[in-house]
Amino acid sequence: MAVCIAVVAKENYPLYIRSVPSENELKFHYTVHTSLDVVEEKVSAVGKVLVDQRELYLGLLYPTEDYKVYGYVTNSKVKFVIVVESSNTSLRDNEIRSMFRKLHNSFTDVMCNPFYNPGDLIQSKAFDSVVSSMMVQAC
Amino acid sequence: MADEALFQFLHNELIQYVYKSAEQGEMENGRCITKLENMGFRVGQGLIERFTKDTPRFKDELDVMKFICKDFWTSVFKKQIDNLRTNHQGIYVLQDNKFRLLTQLSAGKQYLEHAPKYLAFTCGLVRGGLSNLGVKSIVTAEVSVMPACEWSFVRMQGLV
């Protein structure tokens with residue numbers, strides 16, 4: 001269960017960002033922003049780990065003492081960032097991958113919506129519900 | 001295949017509609033082509049998102065071009081591009097010897113002056129797909145003998 005989910009456009013501005021409301025939201029915004037640097041680094045890594053080069057899933061970007069940040073980049077250079085709590089050790093890599101897959105599918109649907117202009121903030125209810133199903137249930 | 005014919009009919013009607021509404025609204029001729037191209041652009045953006053959902057990341061521009069020639073063209077027009085040439089400096093020329101949207105028009109030089117209308121949408125389609133993949137370009141098409149046609153992409157430098 002994620003604590004914060006963000007979708008960042010090609011030009012590195014957020015298209016969609018949602019976090020568990022009980023915490024200080026600004027902290028999550030800042031974490032997502034700093035993780036963009038790590039994403040860029042991984043994407044432009046030339047000749048390093050060849051295995052990762054062709055994959056869309058970027059894996060664990062960096063762990064802080066409270067949170068772990070995972071990244072995923074699409075072929076159209078849109079980045080998805082998921083922040084989970086470090087204490088939540090039951091989340092395996094496969095589950096994170098499947099969360100990203102669901103996000104990507106939902107994002108593709110939003111993109112194909114003729115009423116959505118690429119580059120606008122995402123306001124689709126369907127996308128919202130997919131994200132809610134992945135977030136920690138706040139009381 | 002039935003689904004191929006559906007798109008062709010829709011495409012032809014689309015062009016007729018744009019031109020007819022232009023006559024009534026007294027728009028200039030050039031604007032119709034722009035309108036068709038912009039429609040193609042938006043469709044291209046959405047299509048590319050769907051097609052590249054499961055493919056691995058592209059290494060460089062040539063990879064992107066190869067994807068367009070093979071997978072993209074096959075998914076949209078049910079055949080591959082016949083010939084791809086490049087000067088390795090941002091100009092690519094694709095040749096399709098039997099372009100699906102033109103085969104029903106004629107098999108030679110008849111109706112050559114109407115061909116541009118039928119190519120505008122596809123120009124926009126490719127331009128939209130490329131721009132979503134991070135390649136800003138200008139796409140133009142040339143027809144000398146139907147149904148063969150040539151598409152040129154010129155990559156625009158220095159624009160993010």
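Only a predicted model underlies this, so the values are computations on that prediction, with no experimental measurement involved. Sequence lines set the chain letters: A, B, ... in the order given, protein chains first and strands last, and positions in each chain run from 1.
Interface residue L133(B): backbone and side-chain heavy atoms are both found under 4.5 Å from chain A. Using a 4.5 Å cut-off between heavy atoms, D109(A) contacts chain B through both its backbone and its side chain. Of the atoms belonging to R50(B), heavy atoms from both backbone and side chain fall under 4.5 Å from chain A.
Using bins of under 30°, 30° to 60° and over 60° for the plane-to-plane angle, the ring pair F72(B)/F51(B) lands in the perpendicular bin.
If you take NZ on K117(B) and CD1 on I33(B), they are separated by 8.0 Å, rounding to the nearest 0.5 Å.
Proximity of a side-chain donor or acceptor of S124(A) to a complementary backbone N or O of A126(A) within less than 3.5 Å is detected.
Just one residue in the list F80(A), Y16(A), Y116(A) forms a ring-ring contact (aromatic ring centres under 6.0 Å, His included) with F127(A), and that residue is Y16(A).
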